[in-house]
Number of protein chains: 2
Amino acid sequence: MVTEHLGAARTPGRPRSEKAEKAIIDAAIDMIAEGTGVAELSIEAIAARAGVGKTTIYRRWSNKEDLVVDALATLKAPMPELEGKSVREDVIRYLAGMQQETHHRRTRCIMNIALSESERFPHLAERFREIAVKPRRDALRAVVQRGVDSGELRADVDVEVAMAALTGAMIFFTKWRENDDELPADLPERIADQILAGLLP
Amino acid sequence: MVTEHLGAARTPGRPRSEKAEKAIIDAAIDMIAEGTGVAELSIEAIAARAGVGKTTIYRRWSNKEDLVVDALATLKAPMPELEGKSVREDVIRYLAGMQQETHHRRTRCIMNIALSESERFPHLAERFREIAVKPRRDALRAVVQRGVDSGELRADVDVEVAMAALTGAMIFFTKWRENDDELPADLPERIADQILAGLLP
DNA sequence: TCGATACGCAACCGTCCCGTTTCGTAACCC
DNA sequence: GGGTTACGAAACGGGACGGTTGCGTATCGA
């Protein structure tokens, strides 16, 4: 965003249209959600889709990455409530939420960007992590930590590793599955129970 | 590859240069490894980098995806030997191998393609899974299955979930870490031990 | 009413890429 | 040597896109 908010210094002349701004950002997000990579996003296509002149875009953002950063910033990620009675219950609910999200093309493609474009757009990736990843990570960390504190989990549990195992297992299933079979409906339970119980006899 | 190998039907005229073919494929792989997405790969750029005329490329592949598929097919993935004495040992070696690979930009970017371009290039993604993912997955599955059979692991272990937890945890650490700190050197051990032991008291 | 700014639209030129064709040369078999 | 095919280089027309500019209109404050 380039708009200046210096005190109450309202500029003379016609004010910028908030509707146009929203249309631009929506168009950008939609195109990303449809699989267009950041590098292939064209200002012209965004403008056309938003029903907006290219000028209107260049007036606000000086380059594409700035636009995308602002677009991602508007994504409010809904989070499942994690105030259940047990760690197991909260973990299952968290994993089920993840699984649910992979059904939305929008979420999938946005996650792809976070996974793959971080090499080329570090600024973008950092912003994305802050907005979408961190809140979820914090929520899960709180659940595990609560379990450790309450004695429901072992005291020597490595919280970060536990989070990685839970989250990573679900990502692995949803992204690297060999065939396109439906995922089993009880996948969250199975992951949670097995990681909680461990593999040893 | 379009070259026909019908019996010993050697064609008249000048034979195709294997050197040119190798140069083309190397150039394509290099560009991918440098972060160029498949969609942005241009035949012209590949030709220039390979020191080859565009004609030489079009003579062999009719489209870009075919070329990339052939390029990926040349990637021989070195696999760690997993014939140790215990499941724990093999798992740690496997995870260490994964961690090692993330240090090579080449491997990282190619994994990115597998993760993110599968939506737009399903043919490509399938081929990649077959070449790079499946052998590793099979190796890890064998390790876990051996553990179950020998009694080293619980009999009711869900092998697929266990694999997902182990692999997913490492992927999660290497790709979604918040800061760019170095990963702890004993990460493979920590992941293996915690997933083997579980979280419950 | 007037000046200032934003708007959508269209056009501009330069760049990149595609897929094809043409050129002169090189390599192979008979 | 003659026939055939591949080679690298260059150029083609066509298209997409970038970033800029000018146009006529719309919307604000003074």
Side-chain angles (χ1 to χ4, degrees), chain A residues 1-28 30-32 34-68 70-71 120-121, chain B residues 1-28 30-32 34-68 70-71 120-121:
Chain A
M1 207 86 59
V2 186
T3 319
E4 306 184 25
H5 271 284
L6 306 174
R10 31 178 167 52
T11 57
R14 177 177 178 174
R16 294 194 176 164
S17 158
E18 293 188 17
K19 210 178 76 180
E21 194 151 314
K22 184 166 166 40
I24 293 167
I25 287 183
D26 280 352
D30 282 352
M31 296 186 65
I32 291 174
E34 284 169 9
T36 313
V38 175
E40 304 138 73
L41 264 187
S42 83
I43 299 284
E44 230 165 78
I46 295 174
R49 184 168 190 137
V52 149
K54 282 198 290 178
T55 339
T56 307
I57 296 184
Y58 282 112
R59 197 173 288 125
R60 294 157 204 263
W61 297 277
S62 55
N63 69 65
K64 195 165 55 186
E65 190 167 348
D66 285 354
L67 197 169
V68 176
D70 276 4
R120 271 184 297 171
F121 303 96
Chain B
M1 205 84 60
V2 186
T3 318
E4 307 183 24
H5 271 286
L6 306 174
R10 33 180 164 49
T11 58
R14 178 176 176 172
R16 293 194 176 163
S17 158
E18 292 187 18
K19 211 178 75 182
E21 194 151 316
K22 183 165 167 40
I24 293 168
I25 286 184
D26 280 353
D30 283 352
M31 296 185 66
I32 290 174
E34 283 168 12
T36 313
V38 174
E40 305 138 72
L41 264 187
S42 82
I43 299 284
E44 227 165 86
I46 295 174
R49 183 167 189 137
V52 148
K54 281 199 293 178
T55 337
T56 307
I57 295 184
Y58 281 112
R59 196 173 289 123
R60 294 159 206 263
W61 296 277
S62 55
N63 68 67
K64 194 165 56 185
E65 191 166 347
D66 285 355
L67 198 168
V68 176
D70 276 4
R120 271 183 298 169
F121 303 95

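The chains referred to below are lettered A, B, ... by the order of the sequence lines, with proteins before strands, and numbering in each begins at 1.
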Nearest listed nucleotide, side chain of A/S42, among C/dC18, D/dC17, C/dC7: D/dC17
Residue mapping more 5' on DNA chain D - nearest nucleotide basis, B/P15 or A/E44: B/P15
Minimum-distance nucleotide (side-chain atoms of A/K54 versus C/dG8, D/dG19, D/dA11): D/dG19
Of the listed nucleotides D/dC7, C/dC7, C/dG19, the one nearest the side chain of B/T56: D/dC7
Distance test, side-chain N/O of A/R16 to OP1/OP2 of C/dT5, below 4.0 Å: no
side-chain contact (heavy atoms from CB on, under 4.5 Å) assessment of B/F121 paired with B/V68: CA-CA 10 Å; B/F121 303 95; B/V68 176; over 6 Å; no
Residue whose closest nucleotide on DNA chain D lies nearer the 5' end, A/K64 versus B/G51: B/G51
Side chain of B/I43 - closest among C/dC7, C/dG19, D/dT5: C/dG19
Sugar-phosphate, base or nothing in reach of B/L41, heavy atoms under 4.0 Å: sugar-phosphate
DNA chain C: 5'-proximal contact among B/A45 and B/R14 (nearest heavy atom): B/A45
Atom-pair distance (CD1 on A/I57; P on C/dG8), nearest Å: 9 Å
Donor-acceptor contact present, side-chain A/K64 to main-chain A/A39, <3.5 Å: yes
Spacing between A/Y58 atom OH and D/dC17 atom P, to the nearest angstrom: 12 Å
Between D/dA6 (P) and B/E18 (CD): distance, integer Å: 14 Å
Rounded interatomic separation in angstrom, taking CD1 from B/I46 and C1' from C/dC17: 12 Å
Of B/N63 and A/T55, the one whose closest DNA chain C nucleotide lies more 5': A/T55
Any donor-acceptor pair under 3.5 Å from A/R16 side chain to A/R59 backbone: yes
